[in-house]
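Written out below as structure tokens is the structure these notes cover.
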Amino acid sequence: MPQLVFYRKYRPQSFAEVINQKNTIKTLANALKQNQISHAYLFAGPRGTGKTSVARLMAKALNCENRKTNEFEPCNKCGSCQEINEGRAIDLIEIDAASNRGIEDIRALRENVKFPPLKSKYKIFIIDEAHQLTKDAFNALLKTLEEPPPYIIFILATTEPEKLPATILSRVERYDFKKLALDDIIGRLKYICHQENIKFEEEALRLIALYSEGGLRDAESLLGQISIVTNQNITKESIETLVGAINLEKIKRFIDILNKKDKVKAIEYINKIYDDGYDLEIFNKEVLDYLRKLLLLKISPGLAEILERELTQEELTVLFKQAQNWETNVLERLLRKLTEVQWQLKTSPVPTLPLELFISEELI
Ligand SMILES: Nc1ncnc2c1ncn2[C@@H]1O[C@H](COP(=O)(O)OP(=O)(O)O)[C@@H](O)[C@H]1O
Ligand SMILES: [Mg+2]
Ligand SMILES: [Zn+2]
């Protein structure tokens, strides 16, 4: 299933191919040209914006056997470049901090740092999701960052830089990766469609780009899935069907938060939905629809017949299960209030306020 790995197949192999991170690339390229290398970099920014890709490009450029002074692009031909492209370079160590969080892992890393690279100029550590390291691990890392041997380079990548300790932040050269612009994502999706002989409607690609919220990886994954489902012929309608499913997931999550009466989470969730560009009126209407279905099932499982027209058997099973967690009178109260909220949302001077008030007053 080659389509599923679009995001890997289309990983930029040169700095020139990286979209939308102009300032970062320019500064890194200049540093490479002048051989002004830092021993610790931090790449911060949302997922799917190129952090890992650029980290690997840096590693490639730094260890490229053909790169001359005043050049910055890796050649992609020498032994070192090829080993990195094929993921078998021994002097490039990639650590996923989400699964190697502990002190032992960092202790192993500290041992490893003591030995010079085996084949290349630099030994390079890429630590992904660096904010997930434990406190002890950070302390151990800090010791290495204080006096790194000249052949060692760390590249930390994170989606949540604010979770990194100040002591680490002060020792790294930081680059902020930005979300990609809609048109850039659309452009890249078009390029992939042409390469892969996928037929598409313009509007469909725009919808994919919208729903991926500035991250190219998600856009490419979605494109891959849709192209399989639609047999390489992507229509606007096919996207709407799939994206509808994504929306339902978002609603379900909110319903669960309401059920747990978690005011803080609920308010955070509403604000995230709003910040992500969703229309709160549509969101609220879908929440209403969902709670209504739960209420009908509460009144009588027999009423499922009414719902069967709109739902698949699997969706009904999920609904039945969720309905068990609710009291009928709570559903009635929330539904009545959310119906009022629906009207208030049209005129509220602060868009999120009607839902926030609802959460504050009713989640008791
Ligand atoms: N700025 C970008 N330019 C070109 N492709 C990108 C960019 N950002 C992400 N991609 C695409 O998304 C995939 C995943 O990107 P990655 O670098 O792993 O993102 P991150 O590490 O920021 O989550 C890449 O393989 C590439 O196909
Ligand atoms: Mg990454
Ligand atoms: Zn090379």
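Counting starts at 1 for both ligands and their atoms, in listed order.
Between G48 and ligand 1, at least one N/O pair is under 3.5 Å apart. Not one N or O of R188 is nearer than 3.5 Å to an N or O of ligand 1, by distance alone. Backbone and side-chain nitrogen or oxygen atoms of I19 are examined, and one is located within less than 3.5 angstrom of a nitrogen or oxygen of ligand 1. For ligand 1, none of its N or O atoms has an N or O atom of V54 under 3.5 Å away. Between R47 and ligand 1, no pair of N/O atoms sits closer than 3.5 Å. At a 3.5 angstrom cut-off on N or O pairs, K51 counts as close to ligand 1. Here's the thing with T52: one of its N/O atoms is less than 3.5 angstrom from an N/O atom of ligand 1.
Nearest protein heavy-atom neighbour of atom 27 (O) of ligand 1: E220 OE1, 2.7 Å. Among protein heavy atoms, atom 24 (C) of ligand 1 sits closest to Y7 O, 3.3 Å. Here the heavy atom of the protein found nearest to atom 17 (O) of ligand 1 is S53 OG, 2.6 Å. Taking atom 6 (C) of ligand 1 as the reference point, the nearest protein heavy-atom neighbour is L216 CD2, 3.4 Å. For atom 14 (C) of ligand 1, the closest heavy atom belonging to the protein is R217 CB, 3.8 Å.
Note on the Mg ion (ligand 2): protein N/O/S atoms under 2.8 Å are T52 OG1.
A perpendicular orientation is assigned to the rings of F6 and Y10, their planes being inclined by more than 60° (bins at 30° and 60°). By the 30° and 60° cut-offs, the orientation of the rings of H194 relative to F200 is perpendicular.
The existence of a salt bridge linking K178 and D176 is excluded, since no basic side-chain nitrogen approaches an acidic carboxylate oxygen closer than 4.0 Å.
R56 CZ to R11 CZ: the interatomic distance, rounded to the nearest 0.5 Å, is 4.5 Å.
Listed by number with element, the atoms of ligand 1 under 4.0 Å from a non-hydrogen atom of P12 are 4 (C), 5 (N), 26 (C). Distances below 4.0 Å separate heavy atoms of Y10 from the following atoms of ligand 1: 26 (C), 27 (O).
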